[in-house]
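Worksheet for the structure shown next.
Throughout, protein chains are lettered first and strands after them, A, B, ... in sequence-line order, and every chain is numbered starting at 1.
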Amino acid sequence: MNMRVAARIARRELRGGLRGFRVFLACLALGVAAIAAVGSVRVSIEDGLKANGAVILGGDAQVTFTYRFAEPAERAWMNGIADQVSEVVDFRSMAVVERAEATERALTQVKGVDDLYPLYGSVMLAPDLPIAQALAGDQAVMARVLADRLGLSVGDQFKLGVKAFTLSAILERAPDDAGGGFSLGPPTIVRTDALDGAGLIEPGTLFDTHYRMILPANADLVALEAEAKDKFSDTGMRWRDSRNAAPGMTRFVERIGAFLVLVGLAGLAVGGVGVSAAVRAYLDGKTAVIATLKTLGAEGRTIFTAYLMQVGALAGLGIVIGLAIGALAPLILGPVIEAQLPVPADFAFHAGPLAEAALYGVLTALLFTLWPLARTGEVRAAALFRDAAGPERAMPGATVLIAIVALAVALIGAAAVLSGVPKLALSAAGGIIGALFLLVLAARAVRWLARRGARAKAVRGHTALRLALGAVGGPGGEATSVVLSLGLGLSVLAAVGQIDANLKSAIAEELPSVAPSYFVVDIQPDQLPGYLDRVENDPGVSKVQVAPMLRGVITQINGKPAAEVAGPHWVLRGDRGVTYSATPPEDTVITEGEWWPEDYAGPPVMSFADEEAREMGLKLGDDVTVNILGREVTAKITSFRVVDFSTAGIGFVLSMNPAALRGAPHSAISTIYADEAAEAALLRDLASAYPNITAIRVRDAIDRVSEVLTGLAAAITYGAMATLVTGLFVLIGAAAAGERARVFEAAVLKTIGAVRGQVLTYFALRSAILGAAAGVVAVLTGAIAGWAVMTFVMEGTYRFEPMSALFIISGGIFATLIAGLAFALRPLGNRPAQVLRARE
Amino acid sequence: MADPILSLTDVTLTLKGNAGAVEILHGISLDVNQGETLGLIGPSGSGKSSLLMLMGGLERATGGKVLALGQDLTAMNEDALARFRRNHMGVVFQSFHLIPTMTALENVATPLELAGAPDAFDRAEDELRAVGLGTRIDHYPSQMSGGEQQRVALARAAAPRPDILLADEPTGNLDGANGEAIMELLFGLRDKHGSTLVLVTHAPELAARCDRVVRLSDGRVEAQAKAAE
């Protein structure tokens, strides 16, 4: 084979311009652009988090305690290592506005601060006051959404606990907003010393204290973290520093970024179908050239290389266009995106994600073009003398097949390694391959059914329908590429739709039917009798659960650091609720071991949640050390039990024997199951009698979770839309490629007596059948994906969502109709003689 | 004498191309009688095919009048022309022009369906048998030879029993034997159904089988003669 000859042939062929390659370029450019843009935004946010770590955290480093303030020794150590130390108290409470006509209550996350707050950054208030001035005396600032909910204006009064505060300003943005993660209540900031007399920070009350530090410029964060762990690990002190200021946010950005890249890969796969179809159509038009070259003595490999070079050059152009769009879009849209983010982002040119997108582009282009390119070897000179649609294509040779498999493995491997979520990447790749396989089968089934349908006696006389079915089922039709491209795009959208609808229905419809009405926290032991008297004697209350509650951090398992034994399990992340009970609570299901005797007074023992224990590799007899209020309690696991978090009832991973926690100050947690009609009066009475307690209305919490889910679903839907847009490009490409054939068909049909309405109906039916087929298959694959995600990832139940499915099928029909009919106008407008003479 | 089935009066045709307007036909007047077989001959580019297209309403005359069965084709819109062809005309092309996504049977049945024939498929099958393709009815055009494709095209044109059959060099793409067979079939169908046949051809032996021959040159009628003359 002569490479130079192949290169010369390729160059001469490319002189013909980019005609017929617009869809090829668009598909590749769009897929690469989507991945490059998502990757760039992800890196921009990660860089922003890194660069602003201290601001987000509120200091160079922070130590946190649960339930208590720092002891003098701890405070002395902090003062020793830091230039400045600022104390922040953080807890949930109820903000109450008493008016003559009604009393308004709303959940809020209270932040008690000192004079130094904030150490870094500044608090944005409306009106624009210095924070020190805004918090002077018994003044407070709160988030606009909370003030609006309570009907508060600047200057109005509200209560936290039993103390009144004056709203001095609206809190627009605090520099440490993003560090705290998800919270149910909007924030209120007051001075910590102003909370004296509010009755909120009592022994056993749920609160955290954060000590934020400005460290000397030469401070060694690694060494300081090690020192903190060494000196204070048994006191429950938790260290965090500016290297990872918002771990929850970082994790979230990583996950969502990786997920969107995988959605982008689905888009690239759709684009691949378009690329493949474009190359196929291009080579169909080159049959005569290839046959002629063969006649002149060109070897098959020379011709293959010449066309591979052409496709390579065009793919390179498509990838460069995609990279340019992917790099520029985040820069241009940066301010808009940043306004939507709770964290600062550093929008700049990032080479890493662009290189990743380019790699995906190259592999995809090769993967999807080798098969059609291999067809250059099939062309015989005799092909010149056969008109229109040829026979079905044979499989390419072994070398090409091996190369295709190798490319697919390389693409999936790259996605698995580069996304950082190999399991998800492999599942997504499996999903895409499965969907493609299903779609190919479906396309064949659609063609077979259409062929049968066209010959059915029932459609005789319905000329337009018979013609449409015949065209869909006949040789050389566009059924496969349309069902594949549009079907895959719609499949991604259908899967997102099914999962989103299922999650929403589980959270917004099913959960409220089994969940309690209220979660009540911070009930002091002396308030329990009165609390139970009020709640249990209310005819509207069907069930009340009460459990003592403390919070603790699991520090060790069998004497070794917990993270070393159980890895990064969520149970080890931060502090967890701990309860105690002499007897198993009602409905407890012990899966292994035994509950301790009611009068047990021996060394501490515990019952651990069964599923979490298995995930962490725990077994009966293991010793688990929990730091509660600075005291280490080591308890032996004597039983595992079922803990169901899905009903939003009381569920503790850790439950100990009462003696183990005797003496530790604590409060109680309670759930109330009540009729909706009884809820308001209950809340009013409880809040009036016990101003320190916090009642969380579960419906409100569910709404908040739904809001977050809606935002997430929107982000993923945008990603899926990119896939669908690529699918539409492919669709338009298929319609454009088929226009010449439509022109001819319209001319022949008119010649034998078809009026324009009949021709148009035929074209429309043909498009609609393909769109409906793509939609139906997409709903099927989307439902399978939705079922898999709901069953295996969410561990929930799956229910087919017909509305989402209907939307997908209608969307498929609409898209193909628009694309098909847009390219039907020229065929309809031509006079038969012009068309037919041109083909003589 | 009965009215002519086709009557062209001072017909002109000018086509606009990239290089400007080209005058194809210059004031042609011609009558074709019912049941007559008319051959159109002349050198390439003389306007034979264009004239045939005008007779079929496949092309619109720039000037003059084209009457078919007494109806003015130049006054009809595209749909009216299609309906007229559906009821009265069959056209056969040199390149067959079968729809590639349809089987032979479907290609032949389509004009019958368009005409509302309730037994379209039965008649189409009969027609295919008549042209010797009874065993190929479920084959697609790409699975047939040129001669077979032209037979399907003939069956498609003849199936609705048209008053007028228009054939544009129907043997131009075929070898001698196949061409001969197609002409036998074409004349046979014409005899069987009593249609008027207008045939564009380069072949003198075909022209000789026509009742009358019109020779075109440079878009004008150069001569007319009875075939025997």
### side-chain contact (heavy atoms from CB on, under 4.5 Å) partners of B:Leu133, counting only residues at least two apart
B:Leu128, B:Val131, B:Arg136, B:Glu148, B:Arg151, B:Val152
### Message
Does anything in residues 58-71 of chain B reach chain A? List residues with heavy atoms under 4.5 Å apart, or say none.
### Response
B:Leu58, B:Glu59, B:Arg60
### Message
Are there over 12 heavy-atom neighbours, none belonging to B:Arg220, within less than 6.0 Å of that residue's CZ?
### Response
yes
### Query
Counting only N and O atoms by type, is there a donor-acceptor contact under 3.5 Å from the side chain of B:Asp79 to the main-chain atoms of A:Arg756?
yes
### Message
Under 4.5 Å from any heavy atom of chain B, what part of A:Ala464 do you find: side chain, backbone, both or neither?
### Response
neither
### Message
Nearest 0.5 Å, please: how far is CD in B:Glu78 from NZ in A:Lys750?
### Response
4.0 Å
### Query
Given A:Leu836 and B:Asp168, is the side chain to side chain contact (heavy atoms under 4.5 Å, CB included) satisfied, shown in steps?
CA-CA 11 Å; A:Leu836 299 177; B:Asp168 186 7; over 6 Å; no
### Message
Less than 3.5 Å apart, any donor N or O on the side chain of A:Arg455 or B:Thr103 sitting next to an acceptor on the other?
### Response
no
## Note on the structure
By residue number, those in residues 81-89 of chain B with heavy atoms under 4.5 Å from heavy atoms of chain A are B:Ala82, B:Arg83, B:Arg85, B:Arg86
### Task
Against chain B, work out which of A:Gly470, A:Ala754, A:Ala747 has the most heavy-atom pairs shorter than 4.5 Å and name it.
A:Ala754
#### Entry: Close side-chain approach of B:Met53 to A:Pro832, heavy-atom, < 4.5 Å
no
### Task
Would you check if B:Leu114 and A:Val755 make a side-chain contact, meaning some heavy-atom pair closer than 4.5 Å?
no
### Summary
Among A:Val759, A:Thr751, A:Leu828, the residue with the most heavy-atom pairs under 4.5 Å to chain B is A:Thr751
### Query
Considering heavy atoms only, which positions within residues 814-824 of chain A lie below 4.5 Å of chain B?
none
### Task
Please determine, among B:Ala120, B:Pro111, B:Pro160, the option with the most heavy-atom pairs under 4.5 Å with chain A.
B:Pro111
### Query
Which one of B:Glu113, B:Arg156, B:His97 satisfies the side chain to side chain contact (heavy atoms under 4.5 Å, CB included) criterion with A:Ile752?
B:Arg156
### Minimum side-chain heavy-atom gap A:Leu467-B:Met102 below 4.5 Å
yes
### Query
Which value, rounded to the nearest 0.5 Å, describes the distance between B:Leu98 atom CG and A:Phe744 atom CZ?
7.5 Å
